[in-house]
Amino acid sequence: MSEASLRPLPLILLLTTLLLLFFVLNLFLGSVVIPPKEIWTVLLQHSDSGSAYSQIVYQYRIPQAVTAMLSGAGLAVAGLYMQTLFRNPLADPSVLGISSGASLGVALLLLFSGSAAGSLMAAANLAGQTSLMLAAFAGAVLILLFITWLSRALPDMVSLLIAGMMIAYVTSALVGIAKYFSQKEDLQAFVLWGMGSFSNVGLSRLPFFSTMVLLGILASFFLVKPLNLMLIGERYAANLGVNVKKVRFYSLLVTGFLTAIITAYAGPVAFIGLAVPHLARIVFRTGSHLILLPGCILIGASMALACNLLARLPGLDGNLPVNAITSLIGAPMVIWFILKHKHLFHRNV
Amino acid sequence: MSAMILRTHSLAIGYGHGKLETTPLVPPIHLELQGPAFVALAGVNGAGKSTLLKTITGLLQPLAGEVELNGKPLKTLSAHEIALSVSIVLTEFPDDLFLRVEDVVAMGRYPYLEFWGRPGEDDRRIVEKSMELCNISHLKGRRIISLSDGEKQKTFIAKAIAQDTPLIVLDEPAAFLDYPGKLELMYLLRKLVVEQGKTILFSSHDLDLVLRHADRLWLLAPGIPFVEGSPEKLAVEGQIASFFNRRQIAFDTQTLHFYQTNQTDNTIRLAPDLPYRKLIINALARNGYTETNEISWFSISFSKPDYLLHCGEITHKCPDIDTLIQQIKSYET
């Protein structure tokens, strides 16, 4: 037992180093090529001196890296808890329809603002961005409230999972209708939001976004012990003193909140929430949330930073959609990982 | 030193269906359980065994009446206090890929642990001891999904021991075990009663097993009042026969055995000194023949090394029981 509790430490250190490395790379590399020496100079000034390089680093690269890091960590945590809660390896933050709720919020905003004041997004100004995020957040929270209310009425997690998927279908249908009646320019804005990007938060909104995500991640630590017990089954957990209904409710609330805030600000980022918990389990070879939670935070943050890096490769004009990169890089990686560790999936070892 | 472990008063069990009317599965149950004891809850499938166990462990609300654990009303106990009073072992097992034997056993210590749920030195020792008691120390490090059903069962019994409650409740623990596995389970549970002073309550639809091993028997059948007592007492009073009343199945009070009543009138006379006489009766009963002391068409005697089957005037030499039965059957066609 002692070796089992010691082994994660070197891995945690390794992953932390990886995370720092990706973070630094995110500051040094981007579509605009800046000599590393200049970046050092800019970083040593500790604040935006107004020069072009300084502006790029402080206005764009740092907020973007922090956003990516927090989004990746938050989505991975949300995915981990969804998979434990539903006892389903295919569960991820989007199964409950919360991210489609965000899409609905955005679609409705574009539809109504478009018909009221011409095209909202034609001038992609700050006010437009803010209202877009608010709409996404409102839509996501609305669905979250509905889902948590449903979770009290429904008998078990399987029916809740089905209900969540149905909600996702209904909201996607509504999004489709809203899109049909929207203007061309607004449609483009919707498509852009849907591709996901860590650059939307920006320096001005970063403090709020960071606080919210950190609060969500912090809250998730309170669920470590009860969720560990849920691993052996809800009836066993209840017998060991866990209030299963309460744990379900708070897990839904925390993961839903994380999903809502991140989706609102970065768009519906696919894949990280589904894949990272599996990677963490394979890397740490444990089901214990005490280890998986920090593991998911580190791997999720590193993965998002790596994807963000690829999305803005030097030489590319502008950003590639993050959503495409996460799946494009992540999916083959997960398959490779499973192949390499396939012995772990055999039941007789 | 016996203690009142469990008491119920006018307990009505069943599932409530929201605001619809709720019908209890069985008439109200009054029972008292003094520990340590080895108690079996028996009944046909659907009699409400699981429902009763869920109700007395606080996983299900009673429809009416009261449950007391260790002298305190269950409804006044917190989830934490219940966790310290009764532990459960179910037939459902986790499917997590990386959960190991010692992890599961250690979960029994969770009610005693701090916020993060990290076990201390004492907890580790208790986990080790629980595993030793259940003879699963050699499984340490193995993943749960790689174990056999019997090994999983023992792991969860070790979890229950680590939970350190006076009462351990097992729901159908023998259901998926092979016969030696069932015996091993019974010996382990009895050891816990005798050596650890635990009170064990387990449900089973395997009456043969229950009658053979349990000290007390609780009988549950739909619509019939609950009865309890030693297997022998219930047998003599005819309770067992009436609880498991089926056509063509009868209960032998002498041997605590169920047997198939004969559809045929075939009788056979057996010499009193036959080797393996009981086995022969058993084999004959299976094939529709009962023993008689009257003069009969068939009779069996023994002359070393063969059984002799007398059939009217003819005598067949049969070296073993199989040929004996085959010979008898050859007359049927």
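Letters A, B, ... mirror the listed sequences (proteins, then strands); counts begin at 1.
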Q.
Please classify the contact of A:F284 with chain B as side chain, backbone, both or neither, using a heavy-atom distance under 4.5 Å.
A. neither

Q. Residue by residue, which of residues 76-90 of chain B have a heavy atom closer than 4.5 Å to a heavy atom belonging to chain A?
A. B:A79, B:H80, B:A83, B:V86, B:S87, B:I88, B:V89, B:L90

Q. Below 4.5 Å, heavy atoms only, C-beta onward: do A:T286 and B:R100 meet side chain to side chain?
A. no

Q) Would the number of heavy atoms belonging to other residues, nucleotides or ligands and lying under 6.0 Å from OH of A:Y250 be above 12? A) no

Q) How about A:M165: does its CE atom have over 12 heavy atoms from other parts shown lying under 6.0 Å from it? A) no

Q. Within a radius of less than 6.0 Å around CZ of A:F249, do more than 12 heavy atoms belonging to other residues, nucleotides or ligands occur?
A. yes

Q: Select, from A:T84, A:N228, A:V244, A:L229, the one with the greatest count of heavy-atom pairs under 4.5 Å involving chain B.
A: A:L229

Q. For B:F176, does the CZ atom sit with more than 12 other heavy atoms under 6.0 Å from it, leaving out its own atoms?
A. no

**Q.** Which of B:L113, B:T165, B:T57 touches chain A most, by non-hydrogen pairs under 4.5 Å
**A.** B:L113

(Q) Taking the side chain as everything from C-beta on, heavy atoms only, tell me whether B:F98 gets closer than 4.5 Å to A:R281. (A) yes

(Q) Given heavy-atom pairs under 4.5 angstrom as the criterion, report whether the side chain, backbone, both or neither of B:E92 touches chain A. (A) both

Q) Rounded to the nearest 0.5 Å, how far apart are CE of A:M230 and CE of B:M107? A) 12.0 Å

Q. Out of curiosity, B:Y110 OH to A:Y236 OH, how far, rounded to the nearest 0.5 Å?
A. 16.0 Å

Q.
Please report the interatomic distance CG(B:L97) to NE2(A:H278), rounded to the nearest 0.5 Å.
A. 9.5 Å

Q: Could you tell me whether the side chain of A:K225 and the main chain of B:R118 form a donor-acceptor pair under 3.5 Å?
A: no

Q: For each of A:L240, A:L231, A:V224, tally heavy-atom pairs with chain B at distances under 4.5 Å, and name the one with the top tally.
A: A:L240

(Q) Does B:K75, at its NZ atom, have more than 12 non-hydrogen atoms belonging to other residues, nucleotides or ligands within less than 6.0 Å? (A) no

**Q.** Point-to-point distance, once rounded to the nearest 0.5 Å, from CD1 of A:I232 to CZ of B:F156
**A.** 5.0 Å

